[in-house]
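Note that the coordinates shown come from a computational prediction; the quantities given were computed from them, not determined experimentally. Count residues from 1 along the sequence. Atoms within each ligand, like the ligands themselves, are counted from 1 in listed order.
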Amino acid sequence: MTFYEILINRKSCRKFTTQPIEEEKIETLKKAALLSPTGKRKNHWDFIFVRDNDLLAQLSDCKPHGSKLIRNAQLAVVVLGSPEISDTWIEDCSIASIILQLQAEELGLGSCWVQVHKREHNENTSAEKHVKDLLQIPENKEILSVIALGYPHEKKEANKESELLFERIHFEKYNSTL
Ligand SMILES: Cc1cc2nc3c(=O)[nH]c(=O)nc-3n(C[C@H](O)[C@H](O)[C@H](O)COP(=O)(O)O)c2cc1C
């Protein structure tokens, strides 16, 4: 598969089969995460690979909306960074998150980004606090996302080139097109 084919085929997957992810694919996902670049090469991130069904179920309750899909994933990767070490922690963790998703696509896996940073668990608690307590994450770390992964329950239609927003591409100056 070419890189462009990965890009055009990737769609968020929110329904997964019960087929476990093979160990060698998990190894590849681990290496892909660790190959993602960081500002000033600080490599301050951590990745928590969660496969335990009870933990997946509790992770899926981190937000009132948009996280339930984690419940039926085979793997959830919690992506966290260290704001004390790097002021680009959000960018670094975002890059690692999308790299995990693109690597997953190449491995024939589906994935979905679940946003944790700046999201609420309920009116008293943040989604981040819920995940930190659940996985014993130190106070000085910040969670950006949870990437849910598994074999897709159904193959979604690929993205369409005809729907790409070419008007958002500018040449030389804003609002100048070729
Ligand atoms: C920063 C970011 C946060 C997202 N948060 C969530 C989320 O919390 N729950 C969810 O179901 N999808 C989430 N998504 C997935 C988007 O909804 C999805 O990427 C977008 O609708 C485009 O669809 P596609 O991924 O199929 O191309 C998130 C995506 C990004 C990039």
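- Grouping Ile, Leu, Val, Met, Phe, Trp and Tyr residues whose side-chain heavy atoms lie under 4.5 Å apart, directly or via other members, places Val146 in a hydrophobic cluster with Phe16, Ile48, Val50, Leu55, Leu56, Leu59, Leu69, Ile70, Val78, Leu80, Val114, Val116, Val131, Leu134, Leu135, Ile137, Ile143.
- A side-chain N or O of Ser111 and one of Gln101 form a donor-acceptor pair less than 3.5 Å apart.
- With no hydrogens or angles considered, a side-chain donor-acceptor pair links Gln115 and Trp113 at under 3.5 Å.
- Using the six-membered ring where Trp is involved, His121 and His130 have ring planes that are parallel, under 30° apart on the 30 and 60° scheme.
- The NZ atom of Lys30 sits 12.5 Å away from atom CZ of Phe47, with the distance rounded to the nearest 0.5 Å.
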For this session: With side-chain hydrogen bond (donor to acceptor under 3.5 Å, both in side chains) as the test, would you mind laying out the steps for Ser67 and Ser60 before giving the verdict?
Result: CA-CA 5 Å; Ser67 57; Ser60 79; over 6 Å; no

Could you go through ligand 1 and note, for every N or O atom, any protein N or O atom closer than 3.5 angstrom, writing the atom names and distance to 0.1 Å, or 'none'?
residue: ligand 1; atom: 5 (N); partner: Trp113; partner atom: O; Å: 3.4
residue: ligand 1; atom: 5 (N); partner: Gln115; partner atom: N; Å: 3.4
residue: ligand 1; atom: 8 (O); partner: Lys63; partner atom: NZ; Å: 2.6
residue: ligand 1; atom: 8 (O); partner: Gln115; partner atom: N; Å: 3.0
residue: ligand 1; atom: 9 (N); partner: Gly66; partner atom: O; Å: 2.8
residue: ligand 1; atom: 11 (O); partner: Arg14; partner atom: NE; Å: 2.9
residue: ligand 1; atom: 11 (O); partner: Arg14; partner atom: NH2; Å: 3.4
residue: ligand 1; atom: 12 (N); partner: Arg14; partner atom: NH2; Å: 3.1
residue: ligand 1; atom: 12 (N); partner: Trp113; partner atom: O; Å: 3.3
residue: ligand 1; atom: 14 (N); partner: Trp113; partner atom: O; Å: 3.2
residue: ligand 1; atom: 17 (O); partner: Arg14; partner atom: NH2; Å: 3.3
residue: ligand 1; atom: 19 (O); partner: Ser12; partner atom: OG; Å: 3.3
residue: ligand 1; atom: 25 (O); partner: Arg10; partner atom: NH1; Å: 2.9
residue: ligand 1; atom: 25 (O); partner: Arg10; partner atom: NH2; Å: 3.4
residue: ligand 1; atom: 25 (O); partner: Ser12; partner atom: N; Å: 3.3
residue: ligand 1; atom: 25 (O); partner: Ser12; partner atom: OG; Å: 2.5
residue: ligand 1; atom: 26 (O); partner: Ser12; partner atom: N; Å: 2.7
residue: ligand 1; atom: 27 (O); partner: Arg10; partner atom: NH2; Å: 3.1

